Amino acid sequence: MSACLHDTRRDNIFIGGFMCSGKTSVGSELARRLGWTFTDTDRAIEERAGMTVPEIFSILGEPAFRRYEFAAVAGALEGSRQVVSLGGGALVNEELRGMVLSRAKLVILDVRPETVLSRAEKQKGARPLLDGGNVRALMIRRRPAYAHCHIRVATDEFPVSSVTDKILEDLYGTAAVLWSVESPFPGITGRDRSPAAAGRPSSPSWYREPSVPAHPQGTLPRR
Ligand code: S3P
């Protein structure tokens, strides 16, 4: 599927992919750069349940977690001008996957099993399905869940800032995007991609000169 600028899904970007692929780090950076709100569905579930994800798994069980997850993702799809990071298992649900694909831009972050293992090592106990589990086997089982998307980016050795750049480039043709609160149009920064060059009035009230700093965000993931 290719990226398309002018459709009704442009105001919702959902980030999916396997555990430890960097969904939260990239999602929050993307939201910051676009000036949109950021939601991490795992955090929304924790707030709703009054428990951490590992507690929900151990006390209520995985099916209960998946019910919370369905509600959280379906609820997030009602919003707009937001970046939403999904839990790694959310797209396994075919119905939910269809809903996300039809109502949002879906970005899949790809990651190698070795990367997952080394990142997970630093956050032991945070992900019940990684504790003692076979990461490679789970990744193979999950392949169909991540097979369809609008944009796909590998994150293994890339810093958050360059993964974010790549997503913005795929969506808007440039990583230098400022999205104003008042305007329905993205302010595309840079000389040859100014609003005027894009066929819009020069210097509209919402246009700001680019200030796109290098973002030394470190390497993935930062939760
Ligand atoms: C899960 C991924 C986790 C969290 C839960 C289940 C999964 O989120 O939703 O532990 O089934 O892959 P992250 O992908 O953010 O770690």
Side-chain angles (χ1 to χ4, degrees), residues 13-31 38-77 82-97 99-100 104 106-149 151-156 158 160 163-164 167 217-223:
I13 301 174
F14 279 49
I15 318 269
F18 200 76
M19 288 172 271
C20 301
S21 55
K23 299 181 294 290
T24 302
S25 308
V26 170
S28 57
E29 173 62 4
L30 192 56
F38 172 68
T39 301
D40 180 310
T41 54
D42 280 347
R43 301 293 83 79
I45 293 166
E46 289 182 333
E47 267 170 41
R48 188 71 194 259
M51 289 181 225
T52 64
V53 169
E55 283 168 349
I56 301 173
F57 268 75
S58 71
I59 297 167
L60 306 177
E62 184 173 347
F65 173 79
R66 297 300 169 197
R67 285 194 292 277
Y68 273 114
E69 186 168 59
F70 193 101
V73 178
L77 281 166
Q82 53 171 355
V83 179
V84 177
S85 290
L86 300 168
L91 298 171
V92 173
N93 182 307
E94 211 178 325
E95 184 185 354
L96 206 49
R97 192 161 77 232
M99 285 161 63
V100 172
L106 178 59
V107 178
I108 293 290
L109 301 184
D110 279 334
V111 71
R112 290 193 292 266
E114 315 82 77
T115 311
V116 172
L117 290 169
S118 85
R119 289 176 183 170
E121 187 63 29
K122 295 170 199 140
Q123 296 171 319
K124 278 207 161 118
R127 295 178 175 87
L129 296 181
L130 286 183
D131 291 342
N134 184 333
V135 169
R136 279 169 218 275
L138 185 57
M139 279 183 118
I140 291 166
R141 276 209 306 282
R142 290 267 175 97
R143 261 186 208 149
Y146 310 135
H148 300 284
C149 61
I151 295 169
R152 180 177 297 279
V153 188
T155 66
D156 298 277
F158 301 105
V160 172
V163 174
T164 308
I167 295 167
Q217 301 290 327
T219 50
L220 297 166
R222 294 180 309 125
R223 289 176 69 93

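Note that the structure is a prediction, hence the values are computed from the model and not measured. Order of listing sets the numbers, starting from 1, for every ligand and every atom in it. In this chain, numbering begins with 1 at the start of the sequence shown.
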Rounded to the nearest 0.5 angstrom, the CZ-CG distance for Arg112 and Asp110 is 10.5 Å

Counting from 1 in the order shown, the ligand 1 atoms closer than 4.0 Å to a non-hydrogen atom of Asp42 are 3 (C), 4 (C), 8 (O), 9 (O), 13 (P), 15 (O)

- Query: Quick one: are Leu96 and Met99 in side-chain contact, heavy atoms under 4.5 Å?
  - Reply: yes

Could you say whether the N/O atoms of Cys20 and ligand 1 ever approach to under 3.5 Å? no

Exercise. Does Lys23 use its side chain to pair, donor to acceptor, with the backbone of Leu109 at less than 3.5 Å?
Worked result: no

Short version for Glu62: what comes under 4.0 Å of ligand 1, heavy atoms counted, is neither

Within 4.0 Å of some non-hydrogen atom of Leu129, the atoms of ligand 1 are 7 (C), 11 (O)

Within 4.0 Å of some non-hydrogen atom of Gly89, the atoms of ligand 1 are 1 (C), 7 (C), 11 (O), 12 (O)

Per-atom filter on ligand 1: closer than 4.0 angstrom to a heavy atom of Arg66 are 6 (C), 7 (C), 11 (O)

Ligand 1 to Pro128, heavy atom cutoff 4.0 Å, flagged ligand atoms 10 (O)

Pairs of donor and acceptor atoms involving the side chains of residues 130-137, under 3.5 Å and at least two apart or interchain, shall be tabulated with distances.
{"from": "Asn134", "atom 1": "OD1", "to": "Arg136", "atom 2": "N", "distance (Å)": "3.1"}
{"from": "Asn134", "atom 1": "OD1", "to": "Ala137", "atom 2": "N", "distance (Å)": "3.1"}

- Compute the shortest N/O to N/O distance between Thr24 and ligand 1 and return yes if it is under 3.5 Å, no if not. no

Under-4.0 Å salt bridge between Arg43 and Glu47: no

* Geometric N/O contact Val53 with ligand 1, under 3.5 angstrom -> no

Sorted by chain and number, sequence neighbours left out, ring-ring contact (aromatic ring centres under 6.0 Å, His included) with Phe57 holds for Phe65

*Any side-chain heavy-atom pair of Pro63 and Arg67 under 4.5 Å*: yes

